[in-house]
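Take a look at the structure set out below.
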Amino acid sequence: MISLCISAVVLAHAVAGFSPSVKGTPEILGLAQDPSINRDSCGSTRFGNRAFWTCRDSQPFDTNGTPTLPIYSSSASWTDFGSDGTPELVEIDSAHGVGLLMYGENNEQPFYPMASDECSSNTAGGCDDGSRYAIWPDSPPLITTTNSDGSIVAYTWIRQEHILGLTLINDESATTLYRVDYDGSSSSALPTVTLVKENFFTADQFPYGHYGGVVANGYAYIYGQNSDYVVAVARVPVGQVEDASAYEFYQNSQWVSTHPAVDADGISISASAGGQGTYYYSEAWERYVWIGQPALNVAAQFYITTSAAPEGPWDSSVQFYTGVDGNYTLGAYSLQAHPGLLANSSQNAIYLSYTKNDLDAANVNVYTTPLIYLEWE
Ligand SMILES: *[C@@H]1O[C@H](CO)[C@@H](O)[C@H](O)[C@H]1NC(C)=O
Ligand SMILES: *[C@@H]1O[C@H](CO)[C@@H](O)[C@H](O)[C@H]1NC(C)=O
């Protein structure tokens with residue numbers, strides 16, 4: 001009887017202290033790359049039998065392979081899978097070698113359109129006074145509906161960051177809701193994007209959604225982060241994403257219907273290491289997972305934390321992988337996990353990427369997206 005009790009206690013501890021550990025040496029697969037586009041900060045999700053990627057600032061390469069104008073504030077692309085269900089690695093071109101070929105019709109236009117008061121007369125959101133509306137996705141679209149014909153509805157929440165250089169002019173930003181509609185076709189055309197509502201969340205409300213999300217139990221759980229690096233979560237039934245009154249917010253350990261202020265107490269859930277990353281649900285672990293970067297860090301140092309429920313409690317984050325930084329001062333950022341690249345939900349592994357930022361011989365920033373495959377014990 002006594003020994004039974006002891007083993008039950010030990011088991012409870014083992015579950016609470018779930019700690020992922022890496023099996024063997026992670027494999028660097030090459031770059032995720034469109035040969036004609038220099039693109040910053042890419043993330044992906046699974047759209048049918050392809051992966052769908054969204055990125056921030058994108059620009060064409062000139063004939064010498066140097067990034068040139070115009071800059072457009074977001075782009076999107078497809079990548080393919082091979083017959084074994086793993087991401088298809090091909091020779092991209094002589095400059096980029098073997099990797100995951102990104103393709104799609106961007107036409108040098110922002111994938112996420114800017115509103116008319118966001119200096120939208122140019123594709124970068126640049127204003128006459130030298131400031132900029134940086135309409136940059138922090139996360140790939142969150143899929144809320146997949147229909148039997150293969151069509152998909154997904155959503156992206158983007159903060160209206162108004163910047164001068166890389167400094168925010170407004171401490172907090174309103175959040176725009178975008179809807180992404182994919183018709184299920186296999187063409188290189190991109191899905192349709194609609195700006196649902198510019199100030200879906202106002203600047204004085206906590207900015208849920210941009211920081212990532214996961215769908216579970218009929219809800220979209222969406223995470224946000226304010227300028228003090230507080231992470232909080234809201235949820236909305238998957239069919240009611242466009243109805244701001246249908247959202248509930250996790251505050252003081254319960255779901256409430258009043259939208260917390262951007263600096264509200266009782267909403268922090270410490271569900272990350274503080275920087276950019278990815279939330280997903282791991283079938284293999286039966287746990288919610290966040291993988292990404294610590295706050296104010298610009299190195300390819302990947303951290304992980306997991307939880308039994310989307311709202312937590314989340315474990316302390318731990319570092320599990322280090323990639324090669326770029327040689328620019330902001331050498332590595334936008335660390336991402338890519339659960340949509342896995343062949344199936346029982347594969348106990350994850351794909352990782354980050355933006356490696358290098359200065360080329362002409363002192364121009366070149367962004368690349370190294371893709372890493374890592375197995376867990
Ligand atoms: C899942 O994918 C892995 C990797 O391709 C493969 O080895 C495994 O057999 C697949 N499992 C199922 C149940 O399809
Ligand atoms: C930085 O890295 C890029 C890409 O590898 C390379 O072309 C460039 O020469 C490097 N610059 C310095 C100063 O090392």
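When a ligand or atom number is given, it counts from 1 through the structure's own listing order. Only a predicted model underlies this, so the values are computations on that prediction, with no experimental measurement involved.
- When the heavy atoms of Val324, Asn363, Asp358, Asn357 are ranked by distance to atom 4 (C) of ligand 2, first place goes to Asp358.
- Using modelled atom types, no side-chain atom of Asn170 and backbone atom of Ser173 make a donor-acceptor pair closer than 3.5 Å.
- The ligand atoms of ligand 1 that sit less than 4.0 angstrom from a heavy atom of Ala343 are 2 (O), 5 (O).
- For atom 13 (C) of ligand 1, the closest non-hydrogen atom of the protein is Ser346 OG, 3.9 Å.
- Atoms of ligand 1 found under 4.0 Å from any heavy atom of Gln347, numbered from 1 in the order shown, are 4 (C).
- The closest donor-acceptor contact from the side chain of Asn226 to the backbone of Asp228 lies under 3.5 Å.
- More than 12 heavy atoms of other residues, nucleotides or ligands lie within 6.0 Å of CD1 in Ile169, so this atom counts as buried by the packing criterion.
- Atom 9 (O) of ligand 2 has its closest protein heavy atom at Leu359 O, 4.6 Å.
- Near Asn327, meaning under 4.0 Å from one of its heavy atoms, ligand 2 places the atoms 1 (C), 2 (O), 3 (C), 8 (C), 10 (C), 11 (N), 12 (C), 14 (O).
- Taking the charged nitrogens against the carboxylate oxygens, Lys197 and Asp243 have no contact shorter than 4.0 Å, which rules out a salt bridge.
- A salt bridge links Arg235 to Glu248: one of the charged nitrogens lies within less than 4.0 Å of a carboxylate oxygen.
- Arg159 forms no cation-pi arrangement with Phe201, by the criterion of a distance under 6.0 Å to the ring centre and an angle within 45° of the ring axis.
- Protein heavy atoms come within 4.0 Å of atom 2 (O) of ligand 2.
- For ligand 1, one of its N or O atoms has an N or O atom of Asn344 under 3.5 Å away.
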